[in-house]
Q: 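Okay, handing you the structure first.
In this text, all values refer to a predicted model and were calculated from it rather than measured experimentally. Just so we're on the same page: letters track the sequence lines, and every chain starts at 1.
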Number of protein chains: 2
Amino acid sequence: MKIGELARATDTKVETIRYYEGAGLLAPPARTDGNYRSYGTDELLRLSFIRRARDLGFSLDEVRELLALADDRDQPCGAVDAVASSHLATIERKIADLSQMRDELARVIGGCRLGKVGDCKIIQTLEPLRGASRR
Amino acid sequence: MKIGELARATDTKVETIRYYEGAGLLAPPARTDGNYRSYGTDELLRLSFIRRARDLGFSLDEVRELLALADDRDQPCGAVDAVASSHLATIERKIADLSQMRDELARVIGGCRLGKVGDCKIIQTLEPLRGASRR
DNA sequence: GCTTGACCCTATAGTTGCTAGAGGGTGCAT
DNA sequence: ATGCACCCTCTAGCAACTATAGGGTCAAGC
């Protein structure tokens with residue numbers, strides 16, 4: 001399989017595959033006579049794994065860790081669970097942060113579509129000192 | 001006010017303030033004889049605005065836009081509302097994406113803390129093809 | 001046999017929003 | 001006069017790609 005086919009098969013850009021190789025997530029593959037990268041099923045599986053983990057929000061470092069763990073199938077599974085659980089906690093923190101932003105922003109929007117910027121609640125919210133001292 | 005005082009007053013790092021200047025969010029301030037940046041209340045207000053907007057998750061581009069709108073207080077307020085609403089939509093999309101990740105991840109965690117990696121549900125989830133073809 | 005076009009190669013720079021470092025100058029107190 | 005905290009500019013680094021420049025390869029069509 002050439003890199004373009006692998007890219008289509010995994011919904012990945014060609015440049016990203018080469019980037020993963022440079023980043024040590026994919027081993028340098030065999031080359032054809034014309035110096036083209038040549039991939040087989042193993043690489044397809046490995047890249048699918050990487051993409052799925054990335055879709056779930058794992059960082060490349062975490063993916064590297066998961067790949068190392070997945071490669072050693074006799075290891076106890078607790079280490080994998082630890083990576084995933086810590087990532088889950090990170091995601092939950094992000095959701096909480098964004099929810100707070102959303103609530104603050106929603107509170108401010110929609111009150112002054114017809115007024116002028118000078119009376120705009122959004123702007124006033126962003127200007128705590130000036131907003132508090134005026135009027 | 002010297003840059004360090006402004007930094008403490010706005011809970012911003014000195015380097016970040018200089019970065020905002022380079023990025024066009026803060027105008028180049030007056031200088032002292034010794035070539036130190038010298039700030040007044042206007043800059044303090046402007047930087048507070050920027051920090052607050054950043055806290056609410058606005059990008060630097062969006063902050064630039066909001067600053068331009070805030071500077072022209074006779075403009076109708078709809079443009080401000082548009083920036084904020086579109087940002088709110090972005091945040092809500094992110095929350096939805098992260099919630100889906102969280103659900104998928106939570107579904108997979110916790111089932112195999114005692115087993116081996118070869119039987120690990122997390123790893124199997126990440127390896128869709130191999131996971132589906134085994135057993 | 002030769003050209004066209006799609007594909008591949010390497011190497012480098014750009015993106016966002018900072019942060020950190022090198023290598024120096026300023027200003028005040030002791 | 002010397003130590004120290006602070007300031008200056010310039011450059012490089014982070015994540016995780018993406019894009020560009022400037023080439024080489026390969027199969028098909030004329």
Side-chain angles (χ1 to χ4, degrees), chain A residues 1-40 43 46-47 49-67 83 86-87 90-91 94 97-98 101, chain B residues 1-26 28-40 43 46-47 49-67 83 87 90-91 94 97-98 101:
Chain A
M1 213 190 324
K2 283 190 286 182
I3 197 169
E5 299 169 70
L6 179 62
R8 275 186 295 279
T10 56
D11 198 21
T12 309
K13 297 205 173 165
V14 167
E15 294 82 8
T16 305
I17 297 176
R18 287 195 286 245
Y19 172 76
Y20 286 162
E21 184 182 324
L25 290 156
L26 294 171
R31 298 282 183 137
T32 65
D33 286 355
N35 199 32
Y36 286 11
R37 286 174 182 79
S38 174
Y39 297 99
E43 278 105 336
R46 193 172 175 92
L47 182 53
F49 183 109
I50 294 168
R51 295 301 286 176
R52 176 112 181 86
R54 294 287 300 128
D55 282 349
L56 285 171
F58 287 96
S59 70
L60 290 192
D61 267 354
E62 288 167 331
V63 174
R64 251 184 290 269
E65 219 175 320
L66 289 172
L67 282 167
V83 174
S86 130
H87 179 52
T90 303
I91 288 178
K94 275 188 197 162
D97 287 353
L98 286 171
M101 273 186 211
Chain B
M1 209 187 329
K2 284 190 287 182
I3 197 168
E5 299 168 67
L6 180 61
R8 276 187 295 279
T10 55
D11 197 24
T12 309
K13 299 205 171 167
V14 167
E15 295 82 9
T16 306
I17 296 176
R18 287 196 283 249
Y19 171 76
Y20 286 163
E21 185 182 323
L25 290 156
L26 293 171
R31 298 285 183 133
T32 67
D33 286 356
N35 200 31
Y36 287 10
R37 285 174 181 81
S38 174
Y39 297 99
E43 278 104 339
R46 194 173 174 91
L47 181 52
F49 183 110
I50 294 169
R51 297 300 287 176
R52 176 111 182 87
R54 294 287 300 130
D55 283 348
L56 285 171
F58 288 96
S59 71
L60 291 192
D61 266 355
E62 288 168 330
V63 175
R64 250 184 291 267
E65 219 174 321
L66 290 172
L67 282 167
V83 174
H87 178 51
T90 302
I91 289 178
K94 276 189 195 160
D97 287 353
L98 285 171
M101 276 186 211

Q: Output the single nucleotide from D/dC17, C/dC9, D/dC7 whose closest atom is nearest the side chain of A/Y36.
A: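 Comparing D/dC17, C/dC9, D/dC7 against the side chain of A/Y36, the answer is C/dC9.
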
Q: Should B/R31 be listed as having a side-chain N or O under 4.0 Å from OP1 or OP2 of D/dC7?
A: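 Answer no for this pair, as no side-chain N or O of B/R31 is under 4.0 Å from OP1 or OP2.
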
Q: Does the side chain of B/R64 get closer than 4.0 angstrom to OP1 or OP2 of C/dG17 through an N or O atom?
A: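 For B/R64, the contact criterion (side-chain N or O under 4.0 Å from OP1 or OP2 of C/dG17) is not met.
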
Q: Tell me whether B/R64 is salt-bridged to B/D61, with the criterion being a basic N under 4.0 Å from an acidic carboxylate O.
A: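 So B/R64 pairs with B/D61 through a salt bridge.
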
Q: Determine the minimum heavy-atom distance between A/A53 and A/V63, stating which atoms define it.
A: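 Heavy atoms of A/A53 and A/V63 come nearest at CB-CG2, 3.8 Å.
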
Q: Compare every heavy atom of B/R51 with every heavy atom of B/D11, then report the nearest pair and how far apart it is.
A: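 Nearest heavy atoms, B/D11 then B/R51: O-NH2, 3.4 Å.
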
Q: Considering only heavy atoms from C-beta outward, does the side chain of B/Y20 approach that of B/L60 to under 4.5 Å?
A: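 In short, these two side chains touch, coming nearer than 4.5 Å.
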
Q: Take the C1' atoms of the five end pairs on each side of the helix from C/dG1-D/dC30 to C/dT30-D/dA1, get both axes, and report the angle to 10 degrees.
A: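 Between the first-five-pair axis and the last-five-pair axis there is 30°.
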
Q: Closest approach of A/L98 and B/K94, non-hydrogen atoms and distance?
A: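 Shortest heavy-atom contact: CD1-CB, 3.8 Å.
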
Q: Reckon B/Y20 touches a base, only the sugar-phosphate, or nothing at all at heavy-atom distances under 4.0 Å?
A: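 Sugar-phosphate: the residue B/Y20, judged by heavy atoms under 4.0 Å, touches backbone atoms but no base.
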
Q: Are A/Y39 and A/L47 packed together at the side-chain level, in the sense that at least one heavy-atom pair is separated by less than 4.5 angstrom?
A: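 No, too far: nothing below the 4.5 Å cut-off.
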
Q: If I take atom CD1 in residue A/I17 and atom P in nucleotide D/dA16, what distance separates them, rounded to the nearest angstrom?
A: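 My rounded result for the distance is 18 Å.
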
Q: For DNA chain C, whose closest nucleotide is more 5', that of B/G34 or that of B/F58?
A: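 That would be B/F58.
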
Q: Return the value, rounded to whole Å, for the distance between atom CD of B/E21 and atom C1' of C/dG17.
A: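 Distance check: B/E21 CD to C/dG17 C1' gives 16 Å.
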
Q: Rounded to the Å, how far apart are A/N35 CG and D/dG23 C1'?
A: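 Distance, rounded to whole Å: 13 Å.
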
Q: Which heavy atom of B/H87 sits nearest a heavy atom of B/L56, and at what distance?
A: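 Of all heavy-atom pairs spanning B/H87 and B/L56, the closest is NE2-O, 2.8 Å.
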
Q: Round to a whole Å and report the spacing from NZ of B/K2 to P of C/dG25.
A: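 Taking NZ of B/K2 and P of C/dG25, I get 18 Å after rounding.
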
Q: Let me know the distance between CZ of B/R8 and P of D/dC6, rounded to the nearest Å.
A: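 Interatomic distance, CZ of B/R8 to P of D/dC6: 6 Å.
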
Q: Grab the CE-P distance between B/M1 and D/dC7 for me, whole Å please.
A: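 Interatomic distance, CE of B/M1 to P of D/dC7: 12 Å.
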
Q: Using every non-hydrogen atom in the two residues, find where B/R18 and B/I3 come nearest and quote the distance to one decimal.
A: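 Smallest interatomic distance, heavy atoms only, reads CG-CD1, 3.5 Å.
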
Q: Tell me: CG of A/D61 to P of D/dA16, nearest whole Å?
A: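 Checked: the CG to P distance equals 7 Å.
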
Q: When you measure from the side chain of B/R37, which nucleotide among D/dC17, D/dT9, C/dC8 comes out closest?
A: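 Shortest atom-to-atom distance from the side chain points to D/dT9.
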
Q: Find out whether A/I50 and A/L26 are in side-chain contact, i.e. whether some heavy atom of one side chain is under 4.5 Å from a heavy atom of the other.
A: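 SC-SC contact between A/I50 and A/L26 confirmed.
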
Q: Sugar-phosphate means primed atoms, P, OP1 and OP2; the rest is base. With that split, encode nucleotides 19-24 of chain C 5' to 3' as B, S or - using protein heavy atoms under 4.0 Å.
A: SS----

Q: Please report the distance, rounded to the nearest Å, between CD in A/E5 and C1' in D/dA27.
A: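 Going from A/E5 (CD) to D/dA27 (C1'), I get 14 Å.
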
